[in-house]
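Heavy atoms only: backbone and side chains are in, while hydrogens, waters and symmetry mates are out. Computed from a predicted structure; not experimentally measured.
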Amino acid sequence: MKATRRPIQAVATWVRRQPPKIKAFLAVVSGMAALVFLRFVVHDHDNLFVAAEAVHAIGISVLIYKLMKERTCAGLSLKSQELTAIFLAVRLYCSFVMEHDIHTLLDTATLVTTLWVIYMIRFKLRSSYMDDKDNFPIYYVVIPCALLSFVIHPTTVHNIINRIAWAFCVYLEAVSVLPQLRVMQNTKIVEPFTAHYVFALGVARFLSCAHWVLQVLDTRGRLLTALGYGLWPSMVLLSEIVQTFILADFCYYYVKSLVGGQLVLRLPSGVV
C-alpha cells in the first residue's frame, strides 16, 4: 500500500508547491483530459446528465444520513441550503410553465429534500448549527444574480418574466455552494459526511458541465443557437464551468485526503 501511495503523494506534493498560475493551468489541462476521456468512453452524452443527477442524489442521501443518524448539522451551511431551495423553486416554476419534462419531477424531489434539510437545521438540530461560521452574506450572490438575469436572459418566445426567472436560477445555482465553502474555510476541518456531500456536488457539477460542453461539440455549436442569441448561450456554458471550478480545489484536497487514508479532511489556508 505504501508503494502505491508514494507516487501519488509525490505528485500531490509537487502540485501543492506550484504557483497559482501553474495550478490553474494544470486544472484546465486535467479538465480537458477528462472531457476527452468521457467523449470517447460515454457514447450517449445525455447519460452524463443522468449520471450528474444520480451523483447529486447520492450526495443528498449522505446528508440525510448525517442528519438522521448522527443527529448533528455541524459543518453544514444553512445559507447554502436556502440558496439551493430558492433556485430549485424558481427552476421548478420554470419547468411547469416552460418545459414539462422529467426534470420537473427530479427538481420536485430535490426541493422537498432540501426543504426537509432546512427544517432539520433550523428547528430539530439548531443546537449543533455553527451560526458563527456560516457568515457568508447571501445577498452578495442573490442581488448580483438577479441584476444579471435582467440584463442577460434567454431570447425565446416565452414570457419575459419566465425568461428572467430561468436566467436567475441558472446564475444562482452556479454560486449557491459558496456559503458552504465559507463554513469549511472557517472551520478548516471537515468531517467525513460533509466532505462526502460536497465532493458529490463537485462530481455532479463536473458531469453536468461535461454534458453541456460535449453536447455543444457534438452539435458543432448548434445547441448554443437553439438556446437563443446574444450573450445568453455563452452565459449558460460559463455558469456550468464556474460551478465546476468553484469546487475543483476542494475536490483535489478531498481525493488527496482519501488516498492518504485520512478520515477527517484538513484544509490548508487559502483553500476554498
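When all heavy atoms of Leu111 and Ala89 are compared, the pair lying nearest together is CD2-CA, 4.1 Å. Leu83 and Pro179 make their closest contact through CD1-CG, 3.8 Å (heavy atoms, listed as atom of the first residue, atom of the second, distance). Across all their heavy atoms, Glu240 and Ser208 have their closest contact at OE1-OG, 3.0 Å. Gly59 approaches Tyr197 most closely through the heavy-atom pair O-CD1, 3.2 Å. What you find for Ala204 and Val55 is that their closest heavy atoms are N-CG1, 3.9 Å. Listed here is the closest heavy atom pair of Phe199 and Cys251: CD1-SG, 3.7 Å.
Rounded to the nearest 0.5 Å, atoms OH (Tyr140) and CZ (Arg182) are 8.5 Å apart. Here the CD1-OG1 distance, from Ile60 to Thr110, works out to 5.0 Å after rounding to the nearest 0.5 Å. One distance of note links CD1 of Ile143 with CD1 of Ile138; it measures 9.5 Å at 0.5 Å rounding. Within the model, atoms CD of Glu82 and CD1 of Ile121 stand 8.5 Å from one another, a figure rounded to the nearest 0.5 Å. With values rounded to the nearest 0.5 angstrom, Asp132 atom CG is found 10.5 Å from Thr187 atom OG1. Separation of atoms CG (Leu78) and CG (Leu125) is listed at 11.5 Å; rounding is to 0.5 Å.
No continuous path of hydrophobic side-chain contacts links Leu115 to Val112 [ILVMFWY only; heavy atoms under 4.5 Å]. Linking Ile, Leu, Val, Met, Phe, Trp and Tyr residues whenever their side-chain heavy atoms come within less than 4.5 Å places Val190 and Val198 in a single cluster. Connection of Val90 to Ile160 is not established within any shared hydrophobic cluster, with ILVMFWY side chains joined at heavy-atom distances below 4.5 Å, either directly or through further cluster members. Val242 is connected to Leu172 through a chain of hydrophobic side-chain contacts under 4.5 Å among Ile, Leu, Val, Met, Phe, Trp and Tyr, so both are in one cluster. At a threshold of 4.5 Å between side-chain heavy atoms, the hydrophobic network of Ile, Leu, Val, Met, Phe, Trp and Tyr places Leu88 and Phe96 in one connected group.
At distances below 3.5 Å, not a single donor-acceptor pair connects side-chain atoms of Asn162 with backbone N or O atoms of Cys94. No donor-acceptor pair closer than 3.5 Å links the side chain of Ser239 to the backbone N or O of Ala174. Looking only at distances, no side-chain donor or acceptor of Asp134 sits under 3.5 Å from a matching main-chain atom of Ser77. Within the 3.5 Å criterion, the main-chain N or O of Ala74 finds a donor-acceptor partner in the side chain of Lys66.
If you check the side chains of Ser176 and Glu173, you find no donor sitting under 3.5 Å from an acceptor.
Tyr65 and Phe193 have their aromatic ring centers within a separation under 6.0 angstrom.
The closest side-chain heavy-atom distance from Glu191 to His196 is not below 4.5 Å. Residues Leu148 and Met235 are in side-chain contact: their nearest non-hydrogen atoms beyond the backbone lie under 4.5 Å apart. Counting heavy atoms from C-beta on, the side chains of Gln81 and Leu63 come closer than 4.5 Å. Inter-residue side-chain proximity for Leu201 and Gln180 is flagged as unmet; no heavy-atom pair is nearer than 4.5 Å. Contact of the His153 side chain with the Trp166 side chain is not registered, since no non-hydrogen atoms from C-beta on lie closer than 4.5 Å. Side-chain contact between Gln243 and Val175 is absent, with no heavy-atom pair separated by less than 4.5 Å. Side chains of Phe136 and Val183 form no contact here, defined as non-hydrogen atoms less than 4.5 Å apart. Using a 4.5 Å heavy-atom cutoff, the side chains of Arg205 and Cys209 are not in contact.
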Practice problem: Evaluate the side chain to side chain contact (heavy atoms under 4.5 Å, CB included) criterion for residues Asn186 and Met130: first the C-alpha distance (whole Å), next the side-chain angles of each, then the deciding distance (0.1 Å), finally the verdict. | Solution: CA-CA 10 Å; Asn186 289 336; Met130 298 179 174; over 6 Å; no
Self-check item: Criterion side chain to side chain contact (heavy atoms under 4.5 Å, CB included) on Leu181 and Leu247, from CA distance to verdict
Solution: CA-CA 8 Å; Leu181 296 181; Leu247 287 165; 3.8 Å; yes
Exercise. For the pair Tyr119 and Lys124, evaluate side chain to side chain contact (heavy atoms under 4.5 Å, CB included) and give the outcome as yes or no after the intermediate values.
Key: CA-CA 7 Å; Tyr119 169 77; Lys124 295 295 185 179; 3.1 Å; yes
Practice problem: Under the side chain to side chain contact (heavy atoms under 4.5 Å, CB included) rule, what do Leu67 and Leu76 come out as? Steps first, then yes or no, please. | Solution: CA-CA 10 Å; Leu67 296 178; Leu76 293 178; 3.9 Å; yes
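Of the candidates Ile152, Val236, Val141, Leu238, Tyr171 forms a side-chain contact (heavy atoms from CB on, under 4.5 Å) with just one, namely Ile152.
Within a 6.0 Å sphere centred on CG of Leu147, heavy atoms belonging to other residues, nucleotides or ligands number more than 12.
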